[in-house]
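Taking it in order: structure first as structure tokens, then the write-up.
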There are 2 protein chains.
Amino acid sequence: MTSSVPVSTAAASAAQAKESVTCPMDFILRMLMGPWTTYILYNLRSHGPQRFGELKRRVSGISAKMLTERLRTLEGASLVKRDYEATIPPKVTYSLTKRGHELDDVMGRLAEIGMRWETEDAAARAARAAEQLRAAE
Amino acid sequence: MTSSVPVSTAAASAAQAKESVTCPMDFILRMLMGPWTTYILYNLRSHGPQRFGELKRRVSGISAKMLTERLRTLEGASLVKRDYEATIPPKVTYSLTKRGHELDDVMGRLAEIGMRWETEDAAARAARAAEQLRAAE
DNA sequence: CCGTATCCCCGGGGATACTG
DNA sequence: CAGTATCCCCGGGGATACGG
């Protein structure tokens with residue numbers, strides 16, 4: 001998700017709405033589609049609540065600016081919770097909200113489908129390669 | 001999804017892989033996350049196979065360049081099928097592949113969750129507004 | 001440690017014009 | 001009709017430096 005992941009422009013969304021061809025899952029996908037979002041949610045799921053720096057280290061390559069922006073967005077969508085402890089040094093912990101966990105089974109299904117396709121594609125490639133060899137003989 | 005939706009950069013993906021914190025659903029989400037992608041899949045689902053111009057009209061606001069690029073990507077991922085008839089004028093029809101339809105139930109679930117959240121949020125806003133009024137009296 | 005502020009650059013994507 | 005080619009511009013996002 002390094003590239004920009006502008007999902008759709010506001011103008012486009014407006015246009016969609018006008019045409020009343022609105023997509024019910026657009027809102028939620030627009031969220032998931034954000035750059036780095038899946039990595040963030042995935043890490044919060046698999047490693048549990050964690051601090052900003054921890055998360056930043058795990059989602060390798062992300063900039064602080066980007067991570068902050070994504071977390072704020074997810075927070076705004078009530079998918080992620082931010083816990084601030086005003087100790088010195090300060091300690092901020094992020095975790096999935098109840099709503100965030102509602103995506104668990106969908107995420108699981110997507111992961112399952114993704115993995116199945118991956119193996120199917122690998123098998124197809126292997127079959128093609130074998131065919132190539134056979135033809136070459 | 002008007003904005004650019006570069007999901008993650010190749011570098012980021014590579015970094016992820018290196019850290020072996022790979023997300024199994026990343027591939028598939030990277031696909032769904034592409035700009036306009038959901039609109040396209042949604043339209044192909046609800047209106048069935050259709051021609052380029054038809055699709056372009058429905059996904060209002062999208063440019064020909066973008067639509068072409070997205071369709072090529074979806075084709076490459078075997079989610080969409082392209083049928084070309086060399087008549088004059090030429091006729092090109094796009095439709096979901098079998099694999100494309102494998103996303104149907106996940107899409108359905110996402111749509112359901114999205115709509116539920118929408119109504120929940122609307123209710124919450126209404127409650128808040130009512131509270132405001134009550135406080136103002 | 002957890003951010004925000006500033007700067008700057010690159011390329012994504014729209015508009016237009018043109019071809020098969 | 002279904003694209004491709006060209007141009008051009010805007011802002012997304014990284015790097016750096018700094019504040020709470």
Side-chain angles (χ1 to χ4, degrees), chain A residues 1-16 30 33-37 39-40 43-44 49-76 80-95, chain B residues 1-16 30 33-37 39-40 43-44 49-76 80-95:
Chain A
M1 319 224 175
T2 297
S3 51
S4 63
V5 179
V7 174
S8 20
T9 58
S13 298
Q16 284 287 336
R30 190 139 63 216
M33 279 165 44
W36 303 101
T37 309
Y39 291 121
I40 294 169
N43 274 297
L44 285 178
Q50 53 196 296
R51 304 179 57 181
F52 185 88
E54 227 175 321
L55 204 49
K56 184 170 185 311
R57 241 169 289 121
R58 285 227 177 78
V59 182
S60 67
I62 197 172
S63 64
K65 184 182 178 185
M66 193 65 194
L67 182 52
T68 301
E69 189 268 337
R70 289 285 82 201
L71 286 171
R72 291 289 178 282
T73 303
L74 290 169
E75 215 188 327
V80 163
K81 184 168 184 295
R82 180 175 186 271
D83 279 305
Y84 181 82
E85 284 182 57
T87 54
I88 296 184
K91 184 174 177 179
V92 183
T93 309
Y94 292 94
S95 57
Chain B
M1 315 212 173
T2 298
S3 52
S4 65
V5 178
V7 174
S8 20
T9 57
S13 298
Q16 284 289 335
R30 190 141 62 216
M33 279 166 45
W36 301 103
T37 309
Y39 291 121
I40 295 169
N43 273 297
L44 285 177
Q50 52 196 297
R51 303 177 59 179
F52 184 89
E54 228 174 320
L55 204 47
K56 184 169 185 313
R57 241 167 291 122
R58 287 226 177 77
V59 183
S60 69
I62 196 172
S63 64
K65 185 181 177 183
M66 193 65 193
L67 181 53
T68 302
E69 189 267 337
R70 290 284 80 200
L71 286 171
R72 292 285 180 282
T73 303
L74 289 170
E75 217 188 326
V80 162
K81 184 168 183 293
R82 179 177 187 271
D83 278 305
Y84 180 83
E85 284 182 59
T87 54
I88 297 183
K91 184 174 178 178
V92 184
T93 308
Y94 292 94
S95 57

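Proteins get letters first, then strands, A, B, ... in listed order; numbering begins at 1 in each.
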Inset, instruction - Sugar-phosphate means primed atoms, P, OP1 and OP2; the rest is base. With that split, encode nucleotides 2-9 of chain D 5' to 3' as B, S or - using protein heavy atoms under 4.0 Å. - result: SSS-B---
Inter-residue atom distance [X].[atom1] - [Y].[atom2], 0.5 Å rounding:
{"X": "B/R58", "Y": "B/I40", "atom1": "CZ", "atom2": "CD1", "answer": "13.5 Å"}
{"X": "B/K81", "Y": "B/T93", "atom1": "NZ", "atom2": "OG1", "answer": "9.0 Å"}
{"X": "B/R82", "Y": "B/L74", "atom1": "CZ", "atom2": "CG", "answer": "13.5 Å"}
{"X": "A/K56", "Y": "A/T68", "atom1": "NZ", "atom2": "OG1", "answer": "9.5 Å"}

Nucleotide [N], atom [atom2] - distance to [atom1] of [X] in whole Å:
{"X": "A/I62", "N": "D/dA15", "atom1": "CD1", "atom2": "C1'", "value": "15 Å"}
{"X": "B/E69", "N": "C/dA15", "atom1": "CD", "atom2": "C1'", "value": "17 Å"}
{"X": "A/M66", "N": "D/dT16", "atom1": "CE", "atom2": "P", "value": "18 Å"}
{"X": "B/L67", "N": "C/dA15", "atom1": "CG", "atom2": "P", "value": "14 Å"}
{"X": "B/W36", "N": "C/dG12", "atom1": "CH2", "atom2": "P", "value": "17 Å"}

Legend entry - Flag, side chain of B/Q50 to backbone of B/N43, donor-acceptor distance under 3.5 Å: yes
Inset, instruction - List the steps and the verdict of side-chain contact (heavy atoms from CB on, under 4.5 Å) for B/E85 and B/V92. - result: CA-CA 6 Å; B/E85 284 182 59; B/V92 184; over 6 Å; no
Legend entry - Beyond-backbone contact of B/P49 with B/Y94, side-chain heavy atoms, under 4.5 angstrom: no
Inset, instruction - For side-chain contact (heavy atoms from CB on, under 4.5 Å), just list the numbers for A/L55 and A/L71, CA-CA rounded to whole Å, side-chain angles, deciding distance to a tenth of an Å, and then say yes or no. - result: CA-CA 10 Å; A/L55 204 49; A/L71 286 171; 4.1 Å; yes
Inset, instruction - For the helix from C/dC1-D/dG20 to C/dG20-D/dC1, measure the angle between the helix axis at one end and the axis at the other, each built from five pairs, rounding to 10°. - result: 50°
